[in-house]
Amino acid sequence: MKSDHIRTLLKDTAVGTSVTIAGWLRTRRDSSGFSFLEVNDGSCLANIQVIADKQLANYETEIKKLTTGCSLVIKGELQESPAKGQRVEIVADSIEVVGWADPEHYPLQKKRHSFEFLREISHLRPRTNALGGVARVRSRISFAIHEFFHQKGFHQIHTPVITTSDCEGAGEMFQVVTEQELKDTARRTGESESFFGSKAGLTVSGQLQAEVFAQALGSVYTFGPTFRAENSHTSRHLAEFWMLEPEMAFCDLSCNMDLAEEMLKYLLSDVVAHCGEDMALFDKFIEKGLLAKLHHVVDNDFVRITYTEAVDELLKSGRDFEFPVSWGVDLQSEHERYLTEEAYRLPLIVTDYPASIKPFYMRVNDDPTTVAAMDILVPGIGEIVGGSQREERYDVLLGRMQEIGIDEYEYQWYLDLRRYGTTPHSGFGLGFERLIQFITGMHNIRETIPFPRTPGFAPC
Ligand code: 4AD
């Protein structure tokens, strides 16, 4: 069925135009001789007001029984609206009720619902203003990511969801087995007989495969779902999340940091420019001062410090952190947030972490206790990007793998990239949901993805 988008009608369409809309009723208010219907079609945050006159054939039998959530197809004429705050309204010629929503049972009533409650009805929550807005913003940022990289001449690579390489080596992979293997314990343990001939899992990162293509196409990116069996119940962890991972040949750590900073500023500017109405809602109801925060980030250089400087800053803060700080420990969320929210009040790029707390593929620095890593920390969240220059020297990489106990035979293909035409190269991973959290001000990451998956929770 062809219908008009409410977004277009409210903005551009001329008064007097015959229009058709298809959407869901938000509210009905009766007056003498007619009813006001507020209808939303999801194309934008705003509803359009529809005037339903008592002359309509189904006025008494249907229109006066309409409740929140009913789906409607409305034909009518766009007219100038006498009401404040809206340019136009529709005077209906016909209203077809496509689907009823029993008010006794429909859980979304006009009042505000808590996000915790809405998570329990994840199949209905996109119909709320806030979650509908997040979905539109998410879609826009995803589009802007592709636009940014295509403008820069990057090629998108579809890296696999099922893989035999645990990129991060943190033991957080979900294993992939067939139902038959599950029934047959003997086959499950006998790896050679398993479906893929060796132990396979869901990817934790597309980086290693992106490196393959960077070593052929120069600048590439992969953007897709990644999976981590972390038993984290925090407001910034998901078991399934999307990661954007650019990877560039002939690019060192500083070129990598420049790209990440430029990209983040591009994405923030783009969403403010294209999702103004939704962003204003978040600024008003979700995080006061959100838009000012985003402008501040776009207008200022990110601060760049080394891990060693970060540790010094934390030590001299005099704070009583839950996790004590000393050189060599991984930075926790509380440390990251102190640095970016209080010490520097800007996004921060922390570089040169101890090799002992970072994965095997990061390039060893000359010192040689640190690696050419870089994490980007932002206020309110902490780490949003993790990246590094990759170890391009065959012998050093092999030595590191042996030291950590990684089976070099399983990674011959990865070592080959260093054996044949190696290049200094680097890349990073942006946690897409953490970026949406930062942009929308949503407190919990579970509100930033259509169907969150966390330990003990995966409805739909
Ligand atoms: O720092 P991470 O683990 O980096 C990598 O996976 C690299 N292989 C990326 C690369 O260099 N190509 O993860 C990257 C980002 C983090 O900074 C964080 O934003 C996000 O992914 N992230 C998560 N987001 C939600 N839930 C989780 N459980 C996450 N774990 C990481």
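Atoms within a ligand are numbered from 1 in the order they appear, just like the ligands themselves. Numbering of residues begins at 1 and proceeds along the displayed sequence. When reading the values below, keep in mind they use all heavy atoms of this one structure, side chains included, and skip hydrogens, waters and symmetry mates.
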Near [X], which atoms of ligand 1 are under 4.0 Å from a heavy atom of that residue?
X: G386; result: 1 (O), 9 (C), 10 (C), 11 (O), 17 (O)
X: E383; result: 1 (O), 16 (C), 17 (O), 19 (O)
X: Y361; result: 7 (C), 8 (N)
X: V385; result: 17 (O)
X: R236; result: 25 (C), 26 (N)
X: R390; result: 10 (C), 11 (O), 12 (N)
X: M243; result: 6 (O), 14 (C)

Quick check: [X] and ligand 1, any N/O pair under 3.5 Å apart?
X: E168; answer: yes
X: S205; answer: yes
X: I445; answer: no
X: I384; answer: yes

Other residues, nucleotides, ligands: >12 heavy atoms within 6.0 Å of [X] [atom1]:
X: E179; atom1: CD; answer: no
X: F213; atom1: CZ; answer: no
X: H105; atom1: NE2; answer: no
X: H5; atom1: NE2; answer: no

Check your understanding: For S165 and E410, does a side-chain donor sit closer than 3.5 Å to a side-chain acceptor?
Key -> no
Exercise for review: From the options T203, T163, T159, select the one residue that forms a side-chain hydrogen bond (donor to acceptor under 3.5 Å, both in side chains) with Q209.
Suggested key: T163
Considering only non-hydrogen protein atoms, determine which one is nearest to [atom] and report residue, atom name and distance to 0.1 Å.
atom: atom 14 (C) of ligand 1; answer: G429 O, 3.5 Å
atom: atom 20 (C) of ligand 1; answer: G431 CA, 3.6 Å
atom: atom 18 (C) of ligand 1; answer: R434 NH1, 3.5 Å
atom: atom 26 (N) of ligand 1; answer: L238 N, 3.0 Å
atom: atom 12 (N) of ligand 1; answer: E245 OE2, 2.7 Å

Return the minimal non-hydrogen interatomic distance between [X] and [Y], and the atom names on each side.
X: R26; Y: R127; value: NH2-O, 2.7 Å
X: S326; Y: V311; value: C-CG1, 4.1 Å
X: N256; Y: C251; value: N-SG, 3.6 Å
X: R400; Y: M362; value: NH1-O, 3.9 Å

Check your understanding: Which is closest to atom 25 (C) of ligand 1 by heavy-atom distance: F227, F432, F241?
Key -> F241
Review point. For atom 3 (O) of ligand 1, which of E240, R228, E230, H237 has the closest heavy atom?
Key: R228
Check your understanding: Can the ring centres of F149 and Y221 be said to be less than 6.0 Å apart?
Key -> yes
